[in-house]
Amino acid sequence: MKIKHAKIIAICIIIIIPSVYFYWFGIHLESPLSKQQDVWGQMGDFFGGVMNPLLSFLTVVLLINSINHQSAANQALTSQIQMMEKSEKIKIFENLFFHLVQSQQNLYSKFKVTTIEDGKKYDLFTIQAVDKIEALFQEKKEYAGYSQLENTYRQLDKMYGVFDVLRAFSVIVNLIKEQLSNENGFNENDRVFYYEKLINLTEFAHLRLICTAFQFQNKTGAGQKLQDKEFQQVCQKLKLRLNNYYKLEIDNQ
């Protein structure tokens, strides 16, 4: 109820009740004005007994209405404070997030493998290096078992540090999961947004190298971080084949 409406109701109460009283006793019953003080006192008691409860009830309604408005204002203020806190957390998170993304890009830009062709050594970087590794595994999987392929990977990792690429990526995935947790005021949609952003900011050949490392190191700490349910769902949505990248037979494992 608005204060304007309350004033109108109060004025109506003050006008209508005395009017009814004077109409009934003064006009309808034709009662003369009394000269006795106790009669006037009875009239005052009548007015007070009728109007006071109505006006008191109106006051209570206004008080409750005021409390409700104050509660709504407090809730709006609380929501605004929570949004400001969330915005500040996002700002801090994004500073670290993009720093780590840049760090992993720098790490990948230095990735190389050495190959020998026609008796000469060649250094292959980034995309060409990933193509060479994938070609090697695709060729070997036709005749080699899983353990042999895993040994090949171990040798490549020892020489070129393939696992470092997987670990750098998993650190960012874990950062999203922990910093944007429900306990910190975020939800699944917030995490999914940054999982997608991470994948989209990572070069395709870089992702393929991560998939190669995950194929053989999915049980390590870094590999387990990439098995997060929400992250796996994002990979499926973006058609990133993270699990069993080389489609190896289970029996070979």
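Start at 1 with the first residue, then count along the sequence. All values below come from the heavy atoms of this structure, side chains included, with hydrogens, waters and symmetry mates left out.
No single ILVMFWY cluster, assembled from side-chain heavy atoms under 4.5 Å apart, contains both Tyr122 and Ile133. No continuous path of ILVMFWY side-chain contacts below 4.5 Å connects Leu198 to Ile92, so the two sit in separate hydrophobic clusters. When hydrophobic clusters are built by joining Ile, Leu, Val, Met, Phe, Trp and Tyr residues whose side-chain heavy atoms come closer than 4.5 Å, directly or via intermediates, Phe125 is not grouped with Tyr160. Leu180 and Met83 are not part of a single hydrophobic cluster, where members link through side-chain heavy atoms under 4.5 Å apart.
Inter-residue side-chain proximity for Gln179 and Phe97 is flagged as unmet; no heavy-atom pair is nearer than 4.5 Å. Side-chain contact check for Lys225 versus Phe169: every heavy-atom pair is 4.5 Å or farther apart. No side-chain heavy atom of Tyr108 sits under 4.5 Å from any side-chain heavy atom of Leu207. Side chains of Arg208 and Asp131 form a contact here, defined as non-hydrogen atoms less than 4.5 Å apart. At least one side-chain heavy atom of Gln105 sits under 4.5 Å from a side-chain heavy atom of Val101.
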Would Tyr246 and Lys140 count as a side-chain contact (heavy atoms from CB on, under 4.5 Å) here? Give the steps.
CA-CA 11 Å; Tyr246 288 101; Lys140 277 197 169 188; over 6 Å; no

Ring pair (Phe, Tyr, Trp, His ring centres under 6.0 Å), that's the test. Do Phe186 and Tyr194 meet it? Break it down for me.
CA-CA 12 Å; Phe186 298 92; Tyr194 282 97; 8.6 Å; no

Given side-chain contact (heavy atoms from CB on, under 4.5 Å), test Gln227 with Phe214 step by step and report yes or no.
CA-CA 10 Å; Gln227 295 182 30; Phe214 185 76; 3.7 Å; yes

CA sep, side-chain torsions, deciding dist, call: Thr212, Leu156, side-chain contact (heavy atoms from CB on, under 4.5 Å)
CA-CA 11 Å; Thr212 296; Leu156 290 172; over 6 Å; no

Would you check, one step at a time, whether the test salt bridge (charged side-chain N to carboxylate O under 4.0 Å, His left out) holds for Glu85 with Lys89?
CA-CA 6 Å; Glu85 290 177 348; Lys89 289 179 181 178; 5.6 Å; no

Verify side-chain contact (heavy atoms from CB on, under 4.5 Å) between Lys229 and Gln233, making sure each step is shown before the conclusion.
CA-CA 6 Å; Lys229 182 179 178 180; Gln233 290 175 346; 3.5 Å; yes

Audit row: Thr202, Gln104, side chain to side chain donor-acceptor pair (under 3.5 Å) steps and yes/no:
CA-CA 9 Å; Thr202 305; Gln104 79 150 0; 3.1 Å; yes

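Here the rule is ring pair (Phe, Tyr, Trp, His ring centres under 6.0 Å) with Phe216, and of Tyr153, Phe163, Tyr245 only Tyr153 fits it.
In this structure, Ile127 places its CD1 atom where only 12 or fewer heavy-atom neighbours from other residues, nucleotides or ligands lie under 6.0 Å away. A 6.0 Å sphere centred on CE of Met159 holds more than 12 heavy atoms belonging to other residues, nucleotides or ligands. Residue Phe204 qualifies as open at atom CZ: its count of foreign heavy atoms under 6.0 Å is 12 or below. Atom NZ of Lys132 is surrounded by 12 or fewer heavy atoms from other residues, nucleotides or ligands within 6.0 Å.
The CG atom of Asp228 sits 12.0 Å away from atom CD of Gln224, with the distance rounded to the nearest 0.5 Å. Put simply, OG on Ser181 and CD1 on Ile176 are 12.5 Å apart, with the number rounded to the nearest 0.5 Å. To the nearest 0.5 Å, atoms NZ (Lys247) and NZ (Lys141) are separated by 7.0 Å. Here the NZ atom belonging to Lys112 is positioned 5.5 Å from the OG1 atom belonging to Thr114, to the nearest 0.5 angstrom.
Remark: Lys86 engages Asp190 in a side chain to side chain donor-acceptor pair (under 3.5 Å) (not counting sequence neighbours).
Listed for the Arg154 side chain is no donor-acceptor partner under 3.5 Å among the backbone atoms of Asp157. Not one N or O on the side chain of Glu230 forms a donor-acceptor pair closer than 3.5 Å with the backbone of Arg191. No donor-acceptor distance shorter than 3.5 angstrom exists from the side chain of Gln215 to the backbone of Asn243, with no hydrogens or angles considered. Of the possible donor and acceptor atoms, none in the side chain of Asn218 sits under 3.5 Å from a partner among the backbone N and O of Gly223. Distance alone, capped at 3.5 Å, places no donor-acceptor pair between the Asp118 side chain and the Lys120 backbone. With Gln148 contributing its side chain and Gly145 its backbone, the two residues share a donor-acceptor pair below 3.5 Å.
A donor and an acceptor atom, one from each side chain of Gln155 and Asn151, are nowhere located under 3.5 Å apart. For the residue pair Glu196 and Asn200, no side-chain donor N or O sits within less than 3.5 Å of a side-chain acceptor on the partner.
A salt bridge is defined here as a Lys NZ or Arg NE, NH1 or NH2 lying under 4.0 Å from an Asp or Glu carboxylate O, and Arg167 with Asp164 meets this definition.
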